[in-house]
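What follows is a set of notes on a single structure, which appears directly below.
Indexing begins at 1, ligand by ligand and atom by atom, following the structure's order. All of these numbers come straight from a predicted model, not from anything done at the bench.
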Amino acid sequence: MSTIIITGGAGFIGSHVVREFVLKYPNYKIVNLDVLTYAGNLANLKDIEHHANYTFVKADITDANHVLQIFEQYKPDGVIHLAAESHVDRSIVDPLAFVMTNVIGTVNLLNAAKTIWKGDFEGKRFHHVSTDEVYGTLGEVGLFKEDTAYDPHSPYSASKASSDHFVRAYNDTYGLPVVLTNCSNNYGPNHFPEKLIPLCIHNVLTNKPLPIYGDGKFTRDWLFVIDHARAIDLVFHKGKNGDSYNVGGFNEWQNIDLVKELCKQVDEKLGREQGTAASLITFVKDRPGHDLRYAIDASKINQELGYKPSVTFEEGLSQTIDWYLNNQDWLDQVSSGEYQNYYKKQYQG
Ligand code: NAD
Ligand code: TYD
């Protein structure tokens, strides 16, 4: 395997995947294909941007001709597809943007791979990075398994479910060699402050309310982003053709408990009186169609590929908070401009 196109490599998870591959595989040529939406930021890759095996190409995956031209130019043996519109709340406001990038964009990439590989699939692989949200919501018990029926509720999860179906259809219909990963909620450095954890860290630092939707009893299964990148590396290289793998941390938290833990750690790190950050917690109007609980059964990737997360949640959260405390210029940069309009509409509109 010599050339790999990673889409969405300037985003949160993509930047960690790009770094993992650039540093671990000096013999691979890594091409980061990203259009740089509000969520894409080349500052996430400053430390590796001059490596000889790394190239950035600015392109929109909804532009089929441009995508094909890039595939013809770089002739990738592998594709790791992360580019997406990724925020549920934005999908409620503008579903079509999610259809365009997540569905049409994915099909454009599948077509480009099919065209340049011309039926010769030896050593080729298309890895589609997806989410546990395609499975819908769980009640108080149970876990998502790879064969759990799809039941998406938000425009975001519906668009990701659709893209997963197209990826499998290209495997069944054209024999395109694919693997899929469906991962739980990620957290870690470089996370855009529209998602719960970085939004709360940012708001504590700027002394703004910490908005908790509904009663705060909604439950998510959290995985450190670098552990997701490691899982992608493993499945990309060792996963079985046509298979999907659920990735998670067996680490469920109700939102309110998670935010209280975060507040406790931030107060400790800033040497402030306990309760200072938590006093900002504010219950706000619930998200429409809000899924109650996500939880992943990650036993397949563990048993078949030997995967285990490398950090506990306490360690990962502590590292994450430290990163934001030490990179407040990154936060200031991404939260200026468009973010201010988004924030006003979402939380004050
Ligand atoms: P993100 O929003 O931080 O980054 C998305 C990246 O895709 C950005 O760099 C953006 O510029 C790029 N992009 C968006 N539209 C594009 C387009 N039309 N053409 C080219 N590039 C485009 O997202 P993330 O949180 O890093 O998620 C990455 C992937 O992982 C997504 O496919 C998401 O569905 C999946 N996922 C995310 C989570 C999570 O907790 N964040 C969990 C499981 C799966
Ligand atoms: P989020 O980080 O948006 O991820 P997802 O919706 O993909 O799970 O939200 C995580 C949980 O936190 C979810 O139950 C919604 C909730 N939430 C809040 O309570 N307040 C907020 O301001 C945000 C952004 C999310």
Is there any N or O on T62 that sits under 3.5 Å from an N or O of ligand 1? no
How long is the straight-line distance from NE2 of H16 back to CD1 of I226, given to the nearest 0.5 Å? 5.5 Å
With distance as the sole criterion, is a donor-acceptor pair present between the side chains of R220 and Y187 under 3.5 Å? no
Per-atom contacts of ligand 1 with N185, taking only distances under 4.0 Å to non-hydrogen atoms: 40 (O)
Under a heavy-atom criterion of less than 4.0 Å, does Y156 contact ligand 1? yes
Interatomic distance, NE2@H228 vs CD1@I13, rounded to 0.5 Å, equals 5.5 Å
More than 12 foreign heavy atoms under 6.0 Å from CD of E273: is that the case here? no
Under 4.0 Å from a heavy atom of N186: give me the atoms of ligand 1 that qualify, with their elements. 39 (C), 40 (O), 42 (C)
of all protein heavy atoms, closest to atom 7 (O) of ligand 2 is E133 OE2, 2.5 Å
Give yes or no for whether the N/O distance cutoff of 3.5 Å, strictly under, is met between K160 and ligand 1. yes
Please could you name the atoms of ligand 1 that S130 approaches to less than 4.0 Å, counting only its heavy atoms? 43 (C), 44 (C)
Which residue owns the protein heavy atom closest to atom 4 (O) of ligand 2, what's the atom, and how far is it? N185 ND2, 3.4 Å
State whether E304 and K240 are salt-bridged, where the test is any N-O pair (Lys NZ or Arg NE/NH1/NH2 against Asp/Glu carboxylate O) under 4.0 Å. no
Using a 4.0 Å heavy-atom cut-off, say whether H81 meets ligand 1 through its side chain, its backbone, both or neither. neither
With a cut-off of under 6.0 Å to the ring centre and 45° to the axis, is K208 in cation-pi contact with Y343? yes
Using distance alone, determine whether H191 and ligand 1 share an N or O pair under 3.5 Å. no
Does even one non-hydrogen atom of S15 get within less than 4.0 Å of ligand 1? no
Assess G105 for proximity to ligand 1: is some non-hydrogen atom of it under 4.0 Å away? no
Contacting atoms of ligand 2, where contact means under 4.0 angstrom from a heavy atom of N255: 11 (C), 12 (O), 13 (C), 14 (O), 16 (C)
Checking heavy-atom distances from atom 28 (C) of ligand 1 to each of N41, N108, L82, V17, the winner is L82
Between P211 and ligand 2, is there a nitrogen or oxygen pair with a distance under 3.5 Å? yes
Are a donor atom and an acceptor atom from the side chains of H128 and S163 found within less than 3.5 Å of each other? yes
Under 4.0 Å from a heavy atom of F218: which atoms of ligand 2 are those, numbered in the order shown and with their elements? 14 (O)
Using distance alone, decide if ligand 2 has a nitrogen or oxygen within less than 3.5 Å of any nitrogen or oxygen in R220. yes
Looking at D60, which atoms of ligand 1 are within less than 4.0 Å of one of its heavy atoms? 17 (C), 18 (N), 19 (N)
Backbone or side chain, does any N or O of H228 fall under 3.5 Å from an N or O of ligand 1? no
Can you see which heavy atom on P189 is nearest to which on F224, and at what distance? CD-CE1, 4.0 Å
What I want to find out is whether D233 reaches R230 closely enough, with some N-O distance under 4.0 Å, to be called a salt bridge. no
Using ring pair (Phe, Tyr, Trp, His ring centres under 6.0 Å), reason through F192 and H87 one step at a time and then give a plain yes or no. CA-CA 10 Å; F192 193 79; H87 189 36; 8.8 Å; no
Judged by heavy atoms only, the candidate from V35, L109, L36 nearest atom 21 (N) of ligand 1 is V35
How long is the span from the CD1 atom in I296 to the OH atom in Y245, to the nearest 0.5 Å? 14.5 Å
Please determine whether the number of non-hydrogen atoms from other residues, nucleotides or ligands lying under 6.0 Å from atom CD of Q274 exceeds 12. yes
Considering all heavy atoms of both residues, which atom of N182 and which atom of S244 are nearest to each other, and what is their separation? OD1-CB, 4.0 Å
Within 4.0 Å of some non-hydrogen atom of G40, the atoms of ligand 1 are 8 (C), 9 (O), 11 (O)
Side-chain heavy atoms nearer than 4.5 Å, only ILVMFWY residues, links allowed to pass through others: does that put I5 and W117 together? yes
From E85 atom CD to R90 atom CZ, the distance as rounded to the nearest 0.5 Å: 7.5 Å
Ligand 2 atoms nearer than 4.0 angstrom to some heavy atom of E194 are 24 (C)
Could you state the interatomic distance from CD1 (I70) to CG (L33), rounded to the nearest 0.5 Å? 4.5 Å
Ignoring hydrogens, just give me the one of S184, G188, A59, S159 whose non-hydrogen atom is nearest atom 20 (C) of ligand 1. A59
Which residue holds the protein heavy atom closest to atom 3 (O) of ligand 2, what is that atom called, and what is the gap in Å? R287 NH2, 3.0 Å
Please confirm whether Y347 comes under 4.0 Å of ligand 2, counting heavy atoms of the residue only. yes
Regarding atom 5 (C) of ligand 1: of the candidates G8, A39, A84, which has the closest heavy atom? A84
Rounded to the nearest 0.5 angstrom, the NZ-CG distance for K269 and D322 is 3.5 Å
Identity and separation of the nearest protein heavy atom to atom 1 (P) of ligand 1: S86 OG, 3.5 Å
Which option, Y187, W222, F12, Y38, owns the non-hydrogen atom nearest atom 25 (O) of ligand 1? F12
Under 4.0 Å from a heavy atom of T37: give me the atoms of ligand 1 that qualify, with their elements. 10 (C), 11 (O), 14 (C), 15 (N)
Locate the shortest heavy-atom distance separating N171 from N241; write the atom from each residue and the value. ND2-OD1, 3.3 Å
Within the 4.0 Å heavy-atom shell around H87, which atoms of ligand 2 are there? 3 (O)
Looking only at distance, does L196 have an N or O less than 3.5 Å from an N or O of ligand 2? yes
Give the atom numbers and elements of ligand 2 that come within less than 4.0 Å of a heavy atom of H290. 13 (C), 14 (O), 15 (C)
Can you report which non-hydrogen protein atom sits closest to atom 25 (C) of ligand 2, along with the distance? Y213 CE1, 3.6 Å
Out of I13, I61, I296, N190, the nearest non-hydrogen contact to atom 37 (C) of ligand 1 is supplied by I13
Those atoms of ligand 2 less than 4.0 Å from some heavy atom in V88: 6 (O), 7 (O)
With heavy-atom distances below 4.0 Å as the criterion, list the atoms of ligand 2 near I212. 19 (O)
Test H81 against every option in V129, I61, V167, L110 by the side-chain contact (heavy atoms from CB on, under 4.5 Å) rule and name the one that passes. I61
Ligand-residue contact atoms, ligand 1 with V129, heavy atoms, under 4.0 Å: 30 (O), 32 (O)
List the steps and the verdict of side-chain contact (heavy atoms from CB on, under 4.5 Å) for Y339 and V334. CA-CA 7 Å; Y339 180 78; V334 302; over 6 Å; no
Polar proximity ligand 1 side, T131 side, N/O cut 3.5 Å exclusive: no
Step through the shown structure and confirm whether more than 12 heavy atoms of other residues, nucleotides or ligands are within 6.0 Å of OH on Y25. yes
